[in-house]
Protein chains: 2
Amino acid sequence: MEKLSVWALPGMPEVRAGADLAVLILDAVERTAEPLVDGDILVVTSKIVSKAEGRTVQADDREAAISAETVRVVATRPRGDGGVTRIVQNRLGIVGAAAGVDASNAEPGTILLLPLDPDASARALAGELRRRSGADIGVIVSDTLGRPWRDGQTDVAIGAAGVEVFDRMQGRVDSAGKPLVVTLPCVADELAAAGDLVKGKLSGCPVAIVRGMGRLVGPLTLPGAASIVRPAEKDMFHLGADEAHREGFDEGYAAGLAASR
Amino acid sequence: MEKLSVWALPGMPEVRAGADLAVLILDAVERTAEPLVDGDILVVTSKIVSKAEGRTVQADDREAAISAETVRVVATRPRGDGGVTRIVQNRLGIVGAAAGVDASNAEPGTILLLPLDPDASARALAGELRRRSGADIGVIVSDTLGRPWRDGQTDVAIGAAGVEVFDRMQGRVDSAGKPLVVTLPCVADELAAAGDLVKGKLSGCPVAIVRGMGRLVGPLTLPGAASIVRPAEKDMFHLGADEAHREGFDEGYAAGLAASR
């Protein structure tokens, strides 16, 4: 039986601005009895990519930082603590709370922004890991996102390199011979989720290694995680229900006034 | 290093109405060299639960079946083929396309509905598997769902028994000592996702076994996957943007007419 193995890489040090993640990861790998092999996929928490890239700001700038990272406000809702939860689309097209700006696991007094270009970060890291280790590996940069309709969060891929983000099944058929036309499993998100099961949020293990999915590993020129993001104009939930209702009401009110003249 | 292992259970036969899934699964397990052990989590595709429970209807009743399963229409959009994509909330509270009604992997000429109560199905299956195998295992019943803002689908948990659906981190702190108040990882969905990586949609392997997550396995009285579903009134995306806009427009138009009288 083909088995998938997933484990958290132990021994990663605290990552500082300017750190070479490939060196830190390979040093940690070397201290384990498990060298990287062809087909391994490394799921790397975006926080250490942000830290290495110096994407840190002072904590008292949090609201300003969220605004700076926001391209479009999707929905807002007052929180119990007097603040406002902002669901926004960020520069990367990703829709999430607070544009990925997060204080957890950051140095006290600081908050972390998402990497500027997680696909580029993944590509650089995967390239360097391949060069130094000689193993054809893939890299997923993961972040923790909430979602509509379901409580809690799961880890998803915000960056990817050298790994298929979708399991391309077009043209294939199911066990009864029917074409699977609609199904497009987002394996990059599923890999990020599997990585989160072993990394946890508390263990200080920001890197998971997934072994046994080599069929998904390919050239560094494969499309990155940006290809997962659905453009707003194609999304049925591009705006919060209350926000869309309010827009509609204002337009309707003006039309009602005009019609009665 | 603690490792998570995930593999697809080979040798599952085609499941017929009335089949005893516990017997089929344990027979298949017995033919492998890997007996179930305490802490194993079985990720079972909802389709075989539906088949065993006889939740099959004739394919030409598809639109009627979707309507019958629908509690609330969340959003609709015309498809290229002349049909309409319906995002609906079903009896279980789950929001998804076509209320989970699906023709893939069903017998030709038939379509499958979701199990009536996937948590109850998971509980019955987990209880029977525990009794017969003597191993304290957990069961996740998985389904494939699309999601807003991101293309493709991932597998999520629509039923669960004997396994924590959330990794309860309340009151815990991150590596810098800050409380992780908001984070509530939905490990049930992440387990379903990990299972999908090995099951795929084509392999004829409807059961995955996850080993190494025993810390999540507990009594059969743990909350099921129904606890993952966020009630519509608490959800910022309880209605499609176009639908909410239209409702708002109609209300605004009436208000505008009234104001000008």
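Here is the naming used below: chain letters follow the sequence lines, and residue numbers restart at 1 for every chain. All of these numbers come straight from a predicted model, not from anything done at the bench. Basis for what follows: all heavy atoms, side chains included, without hydrogens, waters or symmetry-related copies.
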Quick check: do A:Arg147 and B:Cys186 have side-chain heavy atoms less than 4.5 Å from each other?
yes
Taking A:His238, A:Arg246, A:Gln89 one by one, which has the highest count of heavy-atom pairs under 4.5 Å against chain B?
A:His238
Max heavy-atom pairs within cutoff under 4.5 Å with chain A, candidates B:Glu251, B:Arg211, B:Arg77, goes to B:Arg77
CZ of B:Arg150 to CG of A:Asp189, rounded to nearest 0.5 Å, is 4.0 Å
For B:Ala194 and A:Leu4 the tightest heavy-atom approach is O-CD2, 4.3 Å
When only pairs under 4.5 Å are counted, which of B:Ala241, B:Gly152, B:Ala208 shares the most heavy-atom pairs with chain A?
B:Ala241
Selection residues 223-237 of chain B - residue pairs positive for side chain to side chain donor-acceptor pair (under 3.5 Å), sequence neighbours left out
A:Asp151-B:Arg230, B:Arg230-B:Asp235
Whatever's closer than 4.5 Å to a heavy atom in chain A on B:Glu34 counts as side chain
Is the backbone of B:Phe237 close enough, under 3.5 Å, to the side chain of A:Trp149 for a donor and an acceptor to pair up by distance?
yes
To the nearest 0.5 Å, what is the distance between CD on A:Glu190 and OG1 on B:Thr154?
6.0 Å
Identify which of B:Ser260, B:Gly256, B:Ala254 forms the greatest number of heavy-atom pairs closer than 4.5 Å to chain A.
B:Gly256
Nearest 0.5 Å, please: how far is CG in A:Asp242 from CG in B:Leu239?
9.5 Å
Between B:Ile87 and chain A, with a heavy-atom cut-off of 4.5 Å, which part of the residue counts as in contact: side chain, backbone, both or neither?
side chain
OG-CH2 distance between B:Ser5 and A:Trp7, expressed to the nearest 0.5 angstrom:
9.5 Å
Kindly give the heavy-atom pair with the smallest separation between B:Phe249 and A:Ala255, and that separation in Å.
CZ-CB, 3.8 Å
Check whether B:Thr76 gets within reach of chain A through its side chain, its backbone, both or neither, counting any heavy atom under 4.5 Å.
backbone
Please name the pair of heavy atoms, one in B:Asp196 and one in A:Pro185, separated by the smallest distance, quoted to 0.1 Å.
OD2-CB, 4.2 Å
Pairs of heavy atoms under 4.5 Å with chain B: top-ranked of A:Leu216, A:Leu9, A:Leu191
A:Leu191
Specify which of B:Val229, B:Val156, B:Asp250 makes the most heavy-atom pairs with chain A at under 4.5 Å.
B:Val156
In this structure, CG of B:Asp167 is separated from CG of A:Leu197 (nearest 0.5 Å) by 8.5 Å
Residues which pass side-chain hydrogen bond (donor to acceptor under 3.5 Å, both in side chains) with B:Arg31, listed by chain and number, not counting sequence neighbours:
none
In terms of heavy-atom pairs under 4.5 Å with chain A, which of B:Gly96, B:Ala232, B:Ala75, B:Ala258 leads?
B:Ala75
For A:Val6 and B:Lys3, run side chain to side chain contact (heavy atoms under 4.5 Å, CB included): C-alpha distance rounded to whole Å, both residues' side-chain angles, the deciding distance at 0.1 Å, then the answer.
CA-CA 6 Å; A:Val6 192; B:Lys3 282 193 185 179; over 6 Å; no
Can you tell me which portion of B:Phe166 sits under 4.5 Å from chain A's heavy atoms? Options are side chain, backbone, both or neither.
side chain
Heavy-atom proximity to chain A below 4.5 Å, by part of B:Met236
both
